[in-house]
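Written below as structure tokens is the structure these notes are about.
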There are 2 protein chains.
Amino acid sequence: MKNVERIVNHAENHCKAHGARLTNKRKIILSGLLEVGKAMSAYDLVDYCKDQFGESIPAMSVYRILDFLQEENLVHKLSLANKYIACAHITCDHAHGVPQFLICGNCQRVEEITINKSTINTLRRNVEDAGFHLVSPQLEMNCLCHDCVEHAA
Amino acid sequence: MKNVERIVNHAENHCKAHGARLTNKRKIILSGLLEVGKAMSAYDLVDYCKDQFGESIPAMSVYRILDFLQEENLVHKLSLANKYIACAHITCDHAHGVPQFLICGNCQRVEEITINKSTINTLRRNVEDAGFHLVSPQLEMNCLCHDCVEHAA
DNA sequence: CTCAAAATGATATGATGTAACATTCTTGGG
DNA sequence: CCCAAGAATGTTACATCATATCATTTTGAG
């Protein structure tokens, strides 16, 4: 779990750098997401924090904290699943493209990838051709992970 | 509204062709979605059917009917918005690619487009490279429609 | 230290969605 | 035609996801 700690520290610096505060509760939520390494619902996080950290954080606060963490790009929301997941690139210092998510419809595993720019640009062009402007190319795709494909076969 | 009727008839034939039944309630829900022409939540549909058609359809039934209509490819679910929208291509007889949706984050307008196959294939390859299998390339993209971009500017 | 702003808590409620079982409707075989 | 079986719909209860509102606590700048 040293690794989680390291990432949280990094996140704290990232926040400090522009005057945002990674408070204790916010650290706890972020740690939970990092430890679990999977997408969790807000209420899953309430339970997890209670069980693992002995911290009772009301759901309302969890939602607020998740909003904060999303604004800081430390966490992403998955609309397909109504769940939240820690950003896979918190510790990278360079700017990132908007991520895309592969969600296993069977076991709920999630992989965060970055699709190459030219593909995204093609997508963007398709969107512009339809008279819309692409605000964010964060995509969520219905997938099966390798294991689940195997077992289904 | 003749047009809606025509589309519903077409949908009915489509269902009959493989032994599925487009019952009266199902027609009403589909008609509602077609008339409105926008994405609606299940509960929006409950209200709409009550107001416009004098039909009280319980939410549970609306969900079941929406499931049916999705299986028939007459309706799509938008996870970004938790809403449902009539397929833009019900009356086309040829098979369609999986659709992509452009959702205006400001006015909620939705455009259904079909991205060209080669772009989808590139996406699919990206997914396979990450060890996942793309089940369905139905994408939902956070956009702004042309009007909202103008007004924001 | 003090005060204002930020963060968190408490409570209620709205919105979305499903489980489980009952009832009604349709339809094909006798 | 009738009726059994399956399909569709209704009813009720509840699970899950999310936000509005106002109260309280914490924090940091002056």
Side-chain angles (χ1 to χ4, degrees), chain A residues 11-12 15-33 38-50 53-72 74-85 103 105 108 140, chain B residues 11-12 15-33 38-50 53-72 74-85 103 105 108 140:
Chain A
E12 186 165 24
C15 289
K16 270 184 187 158
H18 55 281
R21 303 201 310 233
L22 193 64
T23 64
N24 205 43
K25 306 264 176 186
R26 287 168 177 173
K27 280 183 195 172
I28 288 168
I29 297 292
L30 181 57
S31 300
L33 281 171
K38 297 190 299 192
M40 298 178 86
S41 77
Y43 284 86
D44 289 344
L45 278 164
V46 170
D47 294 343
Y48 188 87
C49 291
K50 179 76 173 178
F53 305 127
E55 287 275 344
S56 286
I57 308 182
M60 182 71 256
S61 293
V62 171
Y63 277 107
R64 278 190 292 228
I65 289 170
L66 288 169
D67 285 347
F68 170 85
L69 295 173
Q70 283 176 88
E71 271 164 26
E72 294 298 321
L74 300 169
V75 159
H76 304 291
K77 169 164 188 176
L78 302 179
S79 296
L80 268 187
N82 290 320
K83 286 183 163 51
Y84 305 83
I85 193 165
I103 303 172
Q108 320 309 323
E140 298 175 30
Chain B
E12 186 166 22
C15 288
K16 269 184 188 158
H18 54 281
R21 304 201 307 234
L22 192 64
T23 63
N24 206 43
K25 308 262 173 186
R26 288 168 176 173
K27 279 185 194 170
I28 288 168
I29 296 291
L30 181 57
S31 299
L33 281 172
K38 294 191 300 190
M40 299 178 86
S41 77
Y43 285 86
D44 289 343
L45 278 164
V46 170
D47 295 343
Y48 188 87
C49 292
K50 179 76 174 181
F53 305 127
E55 286 274 346
S56 286
I57 307 181
M60 182 72 256
S61 292
V62 171
Y63 277 107
R64 279 189 292 227
I65 289 170
L66 287 170
D67 286 346
F68 170 85
L69 295 173
Q70 284 176 86
E71 270 164 26
E72 294 298 322
L74 299 170
V75 159
H76 303 291
K77 168 162 191 178
L78 302 178
S79 295
L80 268 188
N82 290 320
K83 286 182 163 49
Y84 305 83
I85 193 166
I103 303 173
Q108 321 309 323
E140 299 174 30

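So that the names make sense, note that chain A is the first sequence line, chain B the second, and so on, each numbered from 1.
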Between CG of B/Leu66 and P of D/dA8 the distance, given in whole Å, is 15 Å

Atom NZ of B/Lys77 and atom C1' of C/dT16 are separated, to the nearest Å, by 8 Å

Per nearest nucleotide of DNA chain C, the residue lying toward the 5' end, B/Ala81 or A/Glu55, is A/Glu55

Of the candidates C/dT26, D/dT9, D/dT19, the side chain of B/Arg26 sits closest to D/dT9

In sequence, state the C-alpha distance, the side-chain angles, and the governing distance for B/Ser56 and B/Lys50, and then conclude on side chain to side chain donor-acceptor pair (under 3.5 Å).
CA-CA 5 Å; B/Ser56 286; B/Lys50 179 76 174 181; 2.8 Å; yes

Comparing nearest nucleotides in DNA chain D, the 5'-proximal residue of the pair B/Ile57, A/Ser41 is B/Ile57

Between CD1 of A/Ile65 and P of D/dT19 the distance, given in whole Å, is 15 Å

Here the distance between atom P of C/dT11 and atom OH of A/Tyr63, to the nearest Å, is 19 Å

Exercise. Establish whether the base of D/dA18 is bridged to the side chain of A/Tyr43 by a donor-acceptor pair shorter than 3.5 Å.
Key: yes

Rounded to whole Å, the CZ-P distance (B/Arg64 to D/dA8) equals 11 Å

B/Asp67 atom CG is separated from C/dA19 atom P, nearest whole Å, by 10 Å

Side-chain atoms of A/Lys25 come closest, of C/dT8, C/dA7, C/dT16, to C/dT8

message: Between B/Asn82 and D/dC17, is there a contact of a side-chain N or O with OP1 or OP2 at under 4.0 Å?
response: no

Of all heavy-atom pairs linking A/Leu80 and B/Ser79, the shortest is CD2-OG, 3.2 Å

Of all heavy-atom pairs linking A/Lys27 and A/Leu22, the shortest is CE-O, 3.5 Å

Atom NZ of B/Lys50 and atom P of D/dG10 are separated, to the nearest Å, by 12 Å

Taken to the nearest whole Å, CZ/B/Phe68 to P/D/dA7 is 12 Å

Indicate whether OP1 or OP2 belonging to C/dA7 is found under 4.0 Å from a side-chain N or O atom of A/Thr23. no

Nearest heavy-atom approach of A/Phe53 to A/Ser31 is CZ-CB, 4.2 Å

Of the listed D/dA20, D/dT9, D/dA18, the closest approach to the A/Met60 side chain comes from D/dA20

query: Can B/His18 and B/Glu72 be counted as having a side-chain donor-acceptor contact under 3.5 angstrom?
result: yes

